[in-house]
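Side chains included, hydrogens not; waters and symmetry mates left out as well; all remaining heavy atoms used. Below, read A as the first sequence line, B as the second, and so on, with proteins coming before strands; counting in each chain starts at 1.
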Amino acid sequence: MTTSIYSVIGVFIATIFGAIGALFLKLGADRLKFNFWKIIKNKYLVTGIISYILSTLIFVPSLKYGDLSILYPLVSTSYIWVILLSVHFLKEKMNKYKLIGICLIIIGVIFMGLGN
Amino acid sequence: MKKTKSWAIGLIIFSTLLNTFAQTMYKFGANQLSFNLNSIITNLPLILGFITYGISAILMIAAFRGGELSVLYPIFATAYIWVTIVSNIFFNETVNIYKWLAIISIVLGVTLIGIGSNGAMKYKEAI
């Protein structure tokens, strides 16, 4: 199957929204209070959920119209975005184990794409 | 004090499993899908998938409280492993060499990240 450019763009955008969504969900989760109204007013959580849903809505149709051997590697970039966002915004530390681990996961996802 | 707690890692893995289950339900449900409201509401696999997806998202948010995003998020990659297994059992999709390599690579990657989530600190300080 040929991969439509719209699929590529779609997956790329969905991946970024997915990573941003994860960041906001983490921020929201850290500030979570177990009170219905506080949960609804948790701006980070709400933003994260919206971002995540948006990402899925764009993601699913995009995957249908493209070769997974091309699209999965794009999807794997989400792990890179999340690392960058975590280090910058959440002040999380990087070390060689995490770095090599992420590389292995990216390679794994690329292989998964080739295998499909 | 461990930065990323074991319960959080376990919960993410479970959430990923539920996610895979939800995706499988969607796939089953897609076979019986037609675009009218009645058919959607009575589409049991689809409804089940939707509910499971919601539960997995709630568990994920809960898990995020227990650790670092850079450690917990990559664990979602294990979904590819579960999906491969499910596709093989339920949809008769073959597991080729690439998928095997992918599984091995992802397992190694997640393990290393787990080590790097706190263990590495101790080794570095020891040196």
Colleague: Passes side-chain contact (heavy atoms from CB on, under 4.5 Å), B/Trp100 versus B/Val95? Steps please.
Modeller: CA-CA 7 Å; B/Trp100 279 120; B/Val95 187; 3.8 Å; yes
Colleague: For A/Thr56, is it the side chain, the backbone, both or neither that has a heavy atom under 4.5 Å from a heavy atom of chain B?
Modeller: side chain
Colleague: Around atom CZ of A/Phe17, are there more than 12 heavy atoms from other residues, nucleotides or ligands closer than 6.0 Å?
Modeller: no
Colleague: Does one side chain, of B/Lys3 or B/Ser117, offer a donor that lies under 3.5 Å from an acceptor on the other?
Modeller: no
Colleague: Mind checking whether A/Lys26 and B/Glu68 have side chains closer than 4.5 Å, heavy atoms only?
Modeller: no
Colleague: Residue by residue, scan residues 84-91 of chain A and write down, ordered by number, those that have a heavy-atom distance under 4.5 Å to chain B; if none do, write 'none'.
Modeller: A/Ser86, A/Leu90
Colleague: Between B/Ala57, B/Pro74, B/Ala62, B/Ala63, which shows the greatest number of heavy-atom pairs under 4.5 Å with chain A?
Modeller: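 Top count of heavy-atom pairs under 4.5 Å with chain A: B/Pro74.
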Colleague: Where does B/Val83 contact chain A at under 4.5 Å (heavy atoms): side chain, backbone, both or neither?
Modeller: neither
Colleague: Which heavy atom of B/Ile113 sits nearest a heavy atom of B/Ser70, and at what distance?
Modeller: CG2-O, 4.0 Å
Colleague: Determine yes or no for a side-chain-to-main-chain donor-acceptor pair under 3.5 angstrom, with B/Thr4 supplying the side chain and B/Gly67 the backbone.
Modeller: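 Pair absent, no side-chain N/O of B/Thr4 close to backbone of B/Gly67.
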Colleague: If you count heavy-atom pairs under 4.5 Å with chain B, which of A/Val75, A/Leu23, A/Val82, A/Leu25 comes out on top?
Modeller: A/Val82
Colleague: Which of residues 103-116 of chain A have a heavy atom under 4.5 Å from any heavy atom of chain B?
Modeller: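 Interface residues of residues 103-116 of chain A: A/Leu104, A/Ile105, A/Ile107, A/Gly108, A/Val109, A/Phe111, A/Met112, A/Leu114, A/Gly115, A/Asn116.
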Colleague: For chain B, which of A/Gly28, A/Ala29, A/Ala19, A/Ala22 has the most heavy-atom pairs under 4.5 Å?
Modeller: A/Ala29
Colleague: Against chain B, work out which of A/Ile102, A/Val60, A/Leu99 has the most heavy-atom pairs shorter than 4.5 Å and name it.
Modeller: A/Ile102
Colleague: Does one hydrophobic cluster hold both B/Leu17 and B/Tyr26, with members joined at side-chain heavy-atom distances below 4.5 Å?
Modeller: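 Yes.
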Colleague: Are B/Ile85 and B/Ile75 linked, directly or through other ILVMFWY residues, by side chains that come within less than 4.5 angstrom of each other?
Modeller: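 Result: yes, single cluster for both.
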Colleague: Treating B/Ser15 as the side-chain partner and B/Ser56 as the backbone partner, does any N or O pair qualify as donor plus acceptor under 3.5 Å?
Modeller: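 At least one qualifying donor-acceptor pair exists.
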Colleague: Linking I/L/V/M/F/W/Y whenever any side-chain heavy atoms sit under 4.5 Å apart, do B/Phe90 and B/Ile81 land together?
Modeller: yes
Colleague: Any side-chain heavy atom of B/Leu69 within less than 4.5 Å of one from A/Glu92?
Modeller: yes
Colleague: Less than 4.5 Å apart, side chain to side chain, heavy atoms only: is that true for A/Ile13 and A/Phe59?
Modeller: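 No - every pair of side-chain heavy atoms lies 4.5 Å or more apart.
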Colleague: Using non-hydrogen atoms and a limit below 4.5 Å, what part of residues 31-53 of chain A faces chain B?
Modeller: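 Only A/Leu32, A/Phe34, A/Leu45, A/Tyr52 of residues 31-53 of chain A have a heavy atom under 4.5 Å from chain B.
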Colleague: For residues B/Ser105 and B/Leu101, determine if any side-chain heavy atom of one lies less than 4.5 Å from a side-chain heavy atom of the other.
Modeller: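 In short, these two side chains do not touch, never coming nearer than 4.5 Å.
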Colleague: Quick check on B/Thr84 against chain A: is it the side chain, the backbone, both or neither that has a heavy atom closer than 4.5 Å?
Modeller: side chain
Colleague: Give a yes or no on whether B/Trp7 atom CH2 has more than 12 heavy-atom contacts from other residues, nucleotides or ligands under 6.0 Å away.
Modeller: yes
Colleague: Where does A/Ser78 contact chain B at under 4.5 Å (heavy atoms): side chain, backbone, both or neither?
Modeller: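 Both parts, backbone and side chain.
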Colleague: Any side-chain heavy atom of A/Lys98 within less than 4.5 Å of one from B/Val71?
Modeller: yes
Colleague: What pairs of residues pass the ring pair (Phe, Tyr, Trp, His ring centres under 6.0 Å) test when at least one of them lies in residues 45-78 of chain B, not counting sequence neighbours?
Modeller: A/Tyr79-B/Tyr73, B/Tyr73-B/Phe76
Colleague: Counting C-beta onward and ignoring hydrogens, is there a side-chain heavy-atom pair between B/Thr16 and B/Trp82 closer than 4.5 Å?
Modeller: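 Counting from C-beta outward, B/Thr16 and B/Trp82 do come under 4.5 Å.
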